[in-house]
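Atoms within each ligand, like the ligands themselves, are counted from 1 in listed order. Not measured: the values here are computed from a predicted model.
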Amino acid sequence: MASYNVTIKNFAFSPSQIEIKQGDKVIWTSEDTVAHTVTADGGEFDSGDMVKGDPPFEHTFGTTGEIPYHCDHHGGMRGKVTVKT
Ligand SMILES: [Cu+2]
């Protein structure tokens with residue numbers, strides 16, 4: 001199982017799109033002083049508010065498919081995780 005890192009910085013997820021395998025983990029870390037969230041559009045996960053210095057938010061993806069996510073506070077902040085077998 002692999003881990004992938006996504007940085008939240010300057011009101012964006014970077015990288016905004018990643019492709020992983022089933023069972024892999026994604027770790028989001030915020031570098032912004034403004035609060036952001038990592039929230040799955042379909043409700044699979046929700047980090048709550050995160051700012052720089054907070055512990056990273058992690059999610060392990062057990063099922064395949066495309067999981068789009070966003071920040072609850074900023075409509076332009078969008079990302080997507082594609083999970084393959
Ligand atoms: Cu945000």
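- Of all protein N/O/S atoms, those under 2.8 Å from the Cu ion (ligand 1) are His36 ND1, Cys71 SG, His74 ND1, Met77 SD, and waters are not counted.
- Residues forming a side chain to side chain donor-acceptor pair (under 3.5 Å) with Asp54 (at least two apart in sequence, or on another chain): none.
- In terms of the side chain to side chain donor-acceptor pair (under 3.5 Å) criterion, Lys52 has no residue partners (sequence neighbours excluded).
- Between His74 and Phe11, the two ring planes are perpendicular [angle over 60°; tilted spans 30° to 60°].
- Under the 3.5 Å distance criterion, the side-chain polar atoms of Thr64 are left unmatched by any main-chain donor or acceptor of Val83.
- Heavy-atom minimum distance, Tyr69 versus Lys80: CE2-N, 3.5 Å.
- Every residue meeting the side chain to side chain donor-acceptor pair (under 3.5 Å) condition with Asp46, not counting sequence neighbours, appears here in chain and number order: Thr39.
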